[in-house]
Amino acid sequence: GVHGQKHAFVATLRGERDLWKLALRELCAGKLLAHRHKDPQYNQQARSNVRLLQAVALCPPPARTAHLMCRLAQLDQTASQPLPEVPQMTSDALRHTLHLSDAASISLTVTALLYVPGSLDPGETADSPPTLWCTLADGRLLVYNAATWEMERPPLRAGTARLNCVLLVHGGGLWLGSEDSYIYVVSGEDQSCHRRLTAHRNQVTGLVQGTLGQASPVFSCSMDGTVVVWDPGTMESCSQLQLQQCCHLSAISLHQRNLWCCADHSLVLLAWDGQQLQKVIHGLTPDGGSVPWSHFLILPQREELWVLSTPTCSLYVWSMRCLSAPAWVVSLPSVGHCMVHVKEQVWVGGEAPDGGGRIQVVSAADHSLVKELEASGGPVTALCCAHDRYMLSASATGQASIWSVD
């Protein structure tokens, strides 16, 4: 009897020893993969897998097979597999990977990103942590603490339609432009979506505010060519402008107290009273038509206008002193969907020929392509900059990446 008890005791120790070895290997594999892919989710997954191992260890021996235990330790197996090739340029620039998700969603389509250095509430202390705001295609808004990269609160609901654009309004919280024609306002005090503005009759595609602080009006545009001017204090419409014969007003920007509108195949320059001052068109299609334009940027320091054409995979660059024809044309290897100016670079997020995510970095100094970065998670749908040091990108599957800016 004593001999039998001793044998059983040794067998239990061996099983526990093997369990601890497997758990340690899984945690080490999670740490290795997190470092290798710059993705902290592997650490979280490793801890979750170890908890499953501990739960199975409490089951009766027939259910606690070695095969089952090994299958639960997924990362231990993954870490031993050959590492997929990652271009050195991508590896050098990538700093962090995030998986934007909540309990109700497997993956989320991100439509816009906004990095806020501190709190939305002006009454809070200056040392409030920065936040990352992510608008989604289903009308929700995610809020992340940009110091810990943890979700600050449950997602905010702003209707059920796609959110196209987001703007931090001086003293007025966040304004969200939606496909349902409304502008939703998120309060800076309690971070709740407490109001919606209803002047538009078509999907809202752009929001912009001047640089004079809280006194500056907010401009919004909708697809049907309507531009609404708002008083940010009262959130009332002051006036409306209407672009003639326009059925696709996709973006607006302010420069030197004039309003630039990306409409159909042209850029229209308006005074604040709606008077059309200039129209920029560039025809390069074989049938003599105009090049379809997707997004544009104004680089004030260089006095340049940059226009992205998604169908032609090209960037057209004008000198603001001569808008009759582009001074430079930059051919891009991949399709571009969005772009951001930072330092002396223009970052273009889009889609590679194989369907993967691609970021193309173009020098603003000599208009040459200087970098191509592979972004995981599918086509890049949104970009935003943080402190001129980091670029944040998000994909159609809810994966975000943080890149260092040279």
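Reckoned from all heavy atoms, side chains included, excluding hydrogens, waters and symmetry mates. Please read these numbers as outputs of a predicted model, since none were measured by experiment.
The residues R358 and E372 are annotated as salt-bridged, a charged nitrogen and a carboxylate oxygen being separated by less than 4.0 angstrom. Salt bridge E26/R47: absent, no basic N to carboxylate O contact under 4.0 Å. D406 and K371 are joined by a salt bridge, as a carboxylate oxygen and a charged side-chain nitrogen come within less than 4.0 angstrom of each other.
Residues H367 and W306 bring their aromatic ring centres within 6.0 Å.
L207 is listed as a side-chain neighbour of I183, based on a closest heavy-atom distance under 4.5 Å. Side-chain contact between L305 and M320: present, with at least one pair of heavy atoms (C-beta onward) separated by less than 4.5 Å.
In this model, a donor atom of one side chain and an acceptor atom of the other lie less than 3.5 Å apart for W133 and T131. In this structure, a donor-acceptor pair under 3.5 Å is present between the side chains of S376 and Q399. Counting only N and O atoms by type, the side chains of H200 and S220 include a donor and acceptor under 3.5 Å apart. At a cut-off of 3.5 Å, with distance as the only test, a side-chain donor of R162 or N164 sits close to an acceptor on the other residue. T205 and S250 share no side-chain donor-acceptor pair at under 3.5 Å. A donor atom on one side chain and an acceptor atom on the other are found under 3.5 Å apart for H387 and Y115.
Between the CG atom of L176 and the CZ atom of R140 there is a distance of 14.0 Å, given to the nearest 0.5 Å.
V342 approaches C385 most closely through the heavy-atom pair CG2-SG, 3.4 Å. Pairing each heavy atom of P232 with each of V218, the nearest pair is CB-CG2, 4.1 Å. Minimum heavy-atom separation, V110 to G398: CG2-CA, 4.3 Å. Residues L243 and A263 share a closest heavy-atom pair of CD2-CB, 3.9 Å. In terms of heavy-atom proximity, A386 sits nearest to L392 at CB-CD1, 3.8 Å. Between T97 and L94, the shortest heavy-atom distance links the atoms OG1-CD2, 4.0 Å.
Using a 30° and 60° split on the angle between ring planes, W318 and Y316 fall in the tilted class, from 30° to 60°. Note on ring orientation: taking the six-membered ring where Trp is involved, the planes of W260 and H255 are tilted (angle from 30° to 60°). Taking the six-membered ring where tryptophan is involved, the planes of W230 and W175 are perpendicular, since the angle between them exceeds 60° and thus also 30°.
In this structure, S181 contributes its side chain and N202 its backbone to no donor-acceptor pair below 3.5 Å. Judged by distance alone, with hydrogens and angles left aside, the side-chain atoms of S294 form a donor-acceptor pair with the main-chain N or O of T310 at under 3.5 Å. Looking at Q209, its side chain does come within 3.5 Å of a backbone N or O of S216 through a donor-acceptor pair. Distance alone, capped at 3.5 Å, places no donor-acceptor pair between the E344 side chain and the S363 backbone. In terms of modelled atom types and a separation under 3.5 Å, the side chain of R157 and the main chain of G159 share a donor-acceptor contact. S178 places a side-chain N or O within donor-acceptor distance of the main-chain N or O of D180, the cut-off being under 3.5 Å. Side-chain N or O atoms of W347 include none that pairs as donor or acceptor with a backbone N or O of M391 at under 3.5 Å. Between the H341 side chain and the K343 main chain, a donor and an acceptor come within less than 3.5 Å of each other. With hydrogens and angles ignored, the 3.5 Å screen pairs no side-chain donor or acceptor of S368 with any backbone N or O of V370. For the pair T381 (side chain) and T111 (backbone), a donor-acceptor distance under 3.5 Å is absent.
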Does the pair L315 and V362 meet the rule for a side-chain contact (heavy atoms from CB on, under 4.5 Å), with working shown? CA-CA 10 Å; L315 278 171; V362 179; 3.9 Å; yes
Test side-chain contact (heavy atoms from CB on, under 4.5 Å) applied to V227 and L249, step by step: CA-CA 9 Å; V227 178; L249 176 54; 3.9 Å; yes
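K279 NZ: 12 or fewer foreign heavy atoms inside a 6.0 Å radius. No more than 12 heavy atoms of other residues, nucleotides or ligands lie within 6.0 Å of CZ in R389, so this atom counts as exposed by the packing criterion.
Evaluation of the side-chain hydrogen bond (donor to acceptor under 3.5 Å, both in side chains) rule for Y42 yields no partner, not counting sequence neighbours.
A cation-pi arrangement is absent between R95 and W403, since the terminal nitrogen or guanidinium carbon is not both under 6.0 Å from the aromatic centre and inside a 45° cone about the axis.
Contacts classified as side chain to side chain donor-acceptor pair (under 3.5 Å) and involving residues 237-248 (residues at least two apart or in different chains) are given here: T226-Q242.
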